[in-house]
Amino acid sequence: MSIFHHNGGAVCAMIGKECAAIATDHRLGVGFQLISCQRPKVYQMGPKVCVGVTGLSTDAQTVYEKLKFRIKMYTLREDREISPKALTAMASAMAYERRFGPYFSAPVICGLNDKNEPYVNGMDSLGARGDENAPFIVDGTCDESLMGMCEALWKPDMNPDELAAVLEKCMANSLNRDCLSGWGMTIYVITKDGVSTREVQGTRMD
Amino acid sequence: MSRRYDQSTTTFSPEGRLHQVEYAMEAINNAGTCVGIVDPNGNGIVLAAEKRVVSKLLAPSKISEKTYPIDDHICCLVAGFSSDAAILIQEARLGAQRYLYTYQEPVPVEQSVKSICNYKQSYTQFGGLRPFGVAFLFAGYDINNGFQLYQTDPSGNYSGWKATVIGQNNQAGKSILKTDYNETNLTPNNNNNENNNNNENPLTPSINLAIKILLKTMDSSTPDSSRFEITLLTKNKRDDNEVDVQYMKLNDKEIKYYLDGVVTEEEKKKKNEASTSSDI
C-alpha cells in the first residue's frame, strides 16, 4: 500500500456563486484497521478560509500546525487576514522546502478572498499547485472516484445550498465505495458571512 | 569618573554599575507614558498610552504606535525606541508561535516575558552591542495564573505588577496609583462617576483611572482624544469551557467618551474643593 494510503482519508472542495465548500471524511486508520472515526481533515484557518490536509496522518498534522504558525505570524505582521491565494502559495513554498524529503501529505485550500470571490486550489506533496481557476479539487484515497463524481455533477454558479447538496452527493458516493475513507463526513460551506459546518448523517459506516 | 567605564556595555564601573544599561534606562524616561492596570476583580487589564508624535501631516497608521499584540492572549505597550521594539516584538511573536507549535498550548505570559528578557540581557553581556532602548508593559492571560502585567527594562530585568506606569513622569503616575488603586475604587458600582452609564463595561473604573493618570503625566492641559491609545484585554468563557481572550483597541469615539467623563469628573472635584475651602 502506498504511503499516502496508510492512514486513509479524503477531501473534496468546490466553488459556487460567491461561495465555496469543502468536505472531509472522518476515518483514521492504520492500514486496514480502523483507529478513529472522529478525525476530520479540514481546519478553519481564518474567517473565510479552510484548509484540508490528506495523506499520511503524521505529516498532515505537522503541515497543519506549521501552516497555523505561519498564518499567525502573517496576521500579526500585516494586521489583515491571509487570502486563499496567498495561503496556497505559502503552503506550496513550505512543501518545496522539503523537496528531497517531502511531507507525504497534500493540502487543499478553500475560501473566499476579501472581494468574496471563491477560490479552491490544491497541490501535491512536493508543492506543485493546481489550476488557479479550478472548479473543484479532490484528494485522498478515493480521489479517482471523487474526480469522476465531481466532473459529472458540478455545474457553475451554484448557490450555497445547491453546492452543499452536490458536494455531499459526490463525497458520499465516493466514500461509500472506498474502504480506506469514510466513517462519517463533514461539510464546511464558506460564504461572505463565514464558515458554517454540518456533519452529514447516514453515510455508510464501514 | 564614569567616563572611562561607560563606553562599553560589557565593562563594570568601579562602583559595580553598568553605565550603558543605565543610560538606556534614561532613554525610556523620555518616552511617551504607558499605564497598565490589572482590574482587581479579575475582569481584565487596561493598557493606556500617550502617543507622542501627533502632526497633521502624518499619514494615519493602521497598525498602532504603542500597543502590539504578541499572540491572541498577550499584548504589550512600548516605551522607548520604536525600532528596537519592533525587533523584540518580532522575537516575542516567533517565540509564542514556537511554543504553541511544540506544546499545542498558548505560551504562559511569564515564559514569553522571560525569553524576551533573556534576549535583552544578552545585549548587555556579549558582542559589544548596545542594549535595547525599550521598556515593555506585557499584559496577558493564561489559564494557570489569570491576568498578569509585567514590566521589562533594557537590563533584561522584569517584574510583575498589579498596576504600574513607565515613561515620562512615571513617578507622578505611580503616586496616583498608590492612593487610587484598590478594589473598592475600581468596582463599577462603587465608582460614582455619573457620567458613565449603569450597564457599563466592568473595566470602566480602571479605564477612568488610567486616563486620569495620563492626564497628570501629559504636558498639555487640553488633552485631545487622538493622543491616547487605550487597549483592553478581557476574557469570554466559551460554551466548551475554553476561555477566549479578547484584545480590543478602543476607537476614537470610545476614547472621547471616557475622556470626557474623566475630565468632567475632575472639574467637578475641583469646583467642590474650591467651594468647601471658601466656607472657612
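Quick note: numbers below take in every heavy atom, side chains included, and nothing from hydrogens, waters or symmetry partners. Predicted model, so just to flag it, every value in this text is computed and none were measured. By convention in this document, chain letters (A, B, ...) are assigned in the order of the sequence lines, proteins followed by strands, and residues within each chain are numbered from 1.
Heavy atoms of other residues, nucleotides or ligands lying less than 6.0 angstrom from NZ of B:Lys162 number 12 at most. Residue B:Gln121 qualifies as enclosed at atom CD: its count of foreign heavy atoms under 6.0 Å is above 12. Within 6.0 Å of the CD atom in A:Glu144, the count of heavy atoms belonging to other residues, nucleotides or ligands does not exceed 12. Within 6.0 Å of the OH atom in A:Tyr96, the count of heavy atoms belonging to other residues, nucleotides or ligands does not exceed 12. Other residues, nucleotides and ligands contribute over 12 non-hydrogen atoms within 6.0 Å of the CD atom of B:Gln104. Heavy atoms from other residues, nucleotides or ligands lying under 6.0 Å from CZ of A:Arg204 number 12 at most.
Rounding to the nearest 0.5 angstrom, the gap separating the NZ atom in A:Lys68 from the CG atom in B:Leu100 is 5.0 Å.
The two residues B:Ile70 and A:Leu76 have their closest heavy-atom pair at O-CD1, 3.1 Å.
Under the ring-ring contact (aromatic ring centres under 6.0 Å, His included) criterion, the residue pairs touching residues 11-60 of chain A are A:Tyr43-A:Tyr64, with sequence neighbours excluded.
Residues of residues 71-96 of chain B lying under 4.5 angstrom from chain A, judged on non-hydrogen atoms, are B:Asp71, B:Asp72, B:Gln90, B:Arg93, B:Leu94 in numerical order.
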